[in-house]
Amino acid sequence: MNYWLMKSEPDCFGLHHLMAKPKHTEHWDGVRNYQARNFLRAMKKGDLAFFYHSSCAEPGVAGIVKIASNAYPDHTAWNPEGEHFDPKSSPENPIWYMVDVKLEREFKHPITLTAIKSHPALKNMKLVQRGNRLSVLPLTAKEWNTILKMEVARDALIK
DNA sequence: GCCAACGTTGGC
DNA sequence: GCCAACGTTGGC
């Protein structure tokens, strides 16, 4: 079991868009960065990932998704009309990959980037390191559990 | 909208 | 292989 963090802009495809899909499942397409692609290919069906909202008013972890498939070729790279077209990729020689994700649950209260940055146990997270721009990145089990505990603690605080 | 950080491209 | 130019990401 591995843990991941996947970024998306909520205006484009947020957690609620995923919730609206049949079976709360959708493919995670459009990754066009080799390092992020390699992480996608390292994913195994059954892994868990945080759904992270980026480039919005309050960036942070919005919920949890389960990786619902192993990686397979991203066919959106083959559509010349599509936003994510890449002429270098073909069905015979796919460059880009995607996985299916299924929404597990939405956090009652998102864990904001500010909260993540201020937590001492998370200072080595890839997310908060200098110049990080990867849209898919791995988490340690410790980082995963720390964020889960932050959600519980925040919930208790508000009650 | 600004800008820092990074990846990619292409000339040499 | 080097590196300048350019495009993109994403927080602020």
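Proteins get letters first, then strands, A, B, ... in listed order; numbering begins at 1 in each. Keep in mind that what you see is a predicted model, and the values were worked out from it rather than measured.
Atom C1' of nucleotide B:dC3 and atom CZ of A:Arg130 are separated by 16 Å, given to the nearest angstrom. The distance from atom CG of A:Leu137 to atom P of B:dG7 is 13 Å, rounded to the nearest whole Å. In this structure, A:Leu5 places its CG atom 11 Å from P of C:dG10, rounding to the nearest Å. Rounded to an integer number of Å, the gap from A:Asn132 CG to C:dG11 P is 9 Å. One interatomic measurement links the two molecules: CD1 of A:Ile116 to P of C:dG10, which rounds to 14 Å at whole-angstrom precision. Taking atom NE2 on A:His53 and atom C1' on C:dT9, their separation rounds to 17 Å, with Å as the unit. Per the geometry, CG belonging to A:Asn33 stands 18 Å off P belonging to B:dA5, to the nearest Å. Summarising the geometry, the separation between CG on A:Leu127 and P on C:dT9 is reported as 16 Å, rounded to the nearest angstrom.
With respect to the salt-bridge test (charged N to carboxylate O, under 4.0 angstrom), the residues A:Arg32 and A:Asp74 qualify. Using a 4.0 Å cut-off between a side-chain N of Lys or Arg and a carboxylate O of Asp or Glu, A:Glu143 and A:Lys123 do not qualify as a salt bridge.
Note on A:Tyr52: a side-chain N or O is less than 4.0 Å away from OP1 or OP2 of C:dG11. Distances shorter than 4.0 Å separate none of the side-chain N or O atoms of A:Lys7 from OP1 or OP2 on C:dG11.
The side chain of A:Leu113 approaches C:dG11 more closely than any other nucleotide in the set B:dT9, B:dT8, C:dG11. Which of B:dG7, B:dT9, C:dG11 sits closest to the side chain of A:Ser54 comes down to C:dG11.
Within the cation-pi definition used here (under 6.0 Å to the ring centroid, within 45° of the axis), A:Arg41 qualifies as a partner of A:Tyr97.
Side chain to side chain, A:Ser90 and A:Trp78 fail the donor-acceptor criterion of an N or O pair below 3.5 Å.
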